[in-house]
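For reference, the structure is listed below as structure tokens.
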Amino acid sequence: MTTEKTPKDLLIDKLSRKLDFAEMEERLLHVTYNLASDKLYTIDDALPDLIRIIRLLDYEQESIMGDISRLEGEAFEQNE
């Protein structure tokens with residue numbers, strides 16, 4: 001049984017994804033700025049934030065690829 005997402009659900013998904021990317025961008029800018037400008041902020045301080053950003057990007061990539069696979073499956077089902 002395929003659960004169809006309503007336009008409202010799709011909008012919420014898209015907005016959430018955009019907010020996730022905006023959050024990652026903000027964190028990356030914060031880390032980069034601190035590394036460039038603050039002599040006390042070291043690479044060791046930045047690593048946890050960078051690892052978190054990489055994990056979030058990986059989760060987003062998995063989600064996007066899952067959406068693509070699902071949409072491809074639906075497209076092929078309609079063509080049969």
Side-chain angles (χ1 to χ4, degrees):
M1 179 168 94
T2 305
T3 58
E4 291 288 322
K5 289 191 174 185
T6 65
K8 180 180 178 181
D9 292 333
L10 292 172
L11 176 63
I12 290 169
D13 286 348
K14 296 294 181 193
L15 289 174
S16 294
R17 185 164 288 151
K18 288 188 182 301
L19 288 174
D20 288 341
F21 279 116
E23 177 185 318
M24 286 183 266
E25 180 183 30
E26 178 190 355
R27 286 177 183 266
L28 187 57
L29 287 172
H30 176 75
V31 169
T32 304
Y33 176 77
N34 283 337
L35 281 172
S37 66
D38 188 349
K39 301 293 184 206
L40 299 176
Y41 190 79
T42 66
I43 292 174
D44 289 337
D45 297 325
L47 284 177
D49 284 331
L50 292 172
I51 290 169
R52 177 162 166 58
I53 293 167
I54 290 167
R55 284 185 182 151
L56 289 171
L57 286 169
D58 188 47
Y59 296 148
E60 281 304 308
Q61 181 183 13
E62 288 177 15
S63 176
I64 290 167
M65 293 308 295
D67 288 347
I68 290 170
S69 295
R70 182 180 49 79
L71 291 170
E72 283 177 337
E74 290 175 8
F76 286 120
E77 286 176 5
Q78 290 177 356
N79 288 337
E80 293 178 351

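Counting non-hydrogen atoms of other residues, nucleotides and ligands closer than 6.0 Å to CG of Leu29 gives a total above 12. With a 6.0 Å radius and a threshold of 12 heavy atoms from other residues, nucleotides or ligands, Arg55 has its CZ atom at or below the threshold. By the 6.0 Å contact criterion, CD on Glu23 is enclosed, its count of non-hydrogen atoms from other residues, nucleotides or ligands being greater than 12.
At a threshold of 4.5 Å between side-chain heavy atoms, the hydrophobic network of Ile, Leu, Val, Met, Phe, Trp and Tyr places Ile43 and Leu28 in one connected group. Cluster annotation: Tyr41 is connected to Ile53 through the hydrophobic network of ILVMFWY side chains, with a link wherever side-chain heavy atoms come within less than 4.5 Å. There is no path of hydrophobic side-chain contacts, each under 4.5 Å, that joins Ile54 to Val31.
Inter-residue side-chain proximity for Thr42 and Leu35 is flagged as unmet; no heavy-atom pair is nearer than 4.5 Å.
Rounding to the nearest 0.5 angstrom, the gap separating the CG atom in Leu57 from the CG atom in Asp20 is 10.0 Å. Note that CG of Asp38 and OH of Tyr33 are 8.5 Å apart. Values are rounded to the nearest 0.5 Å.
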Quiz: residues 59-69 side-chain donor-acceptor pairs under 3.5 angstrom, not counting sequence neighbours:
residue	atom	partner	partner atom	Å
Glu60	OE1	Arg17	NE	3.0
Ser63	OG	Arg17	NH2	2.5
Asp67	OD2	Arg17	NH1	3.3
Asp67	OD2	Arg17	NH2	3.2
Ser69	OG	Met65	O	3.1

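The backbone N or O of Ala46 sits nowhere less than 3.5 Å from a side-chain atom of Asp49 that would complete a donor-acceptor pair.
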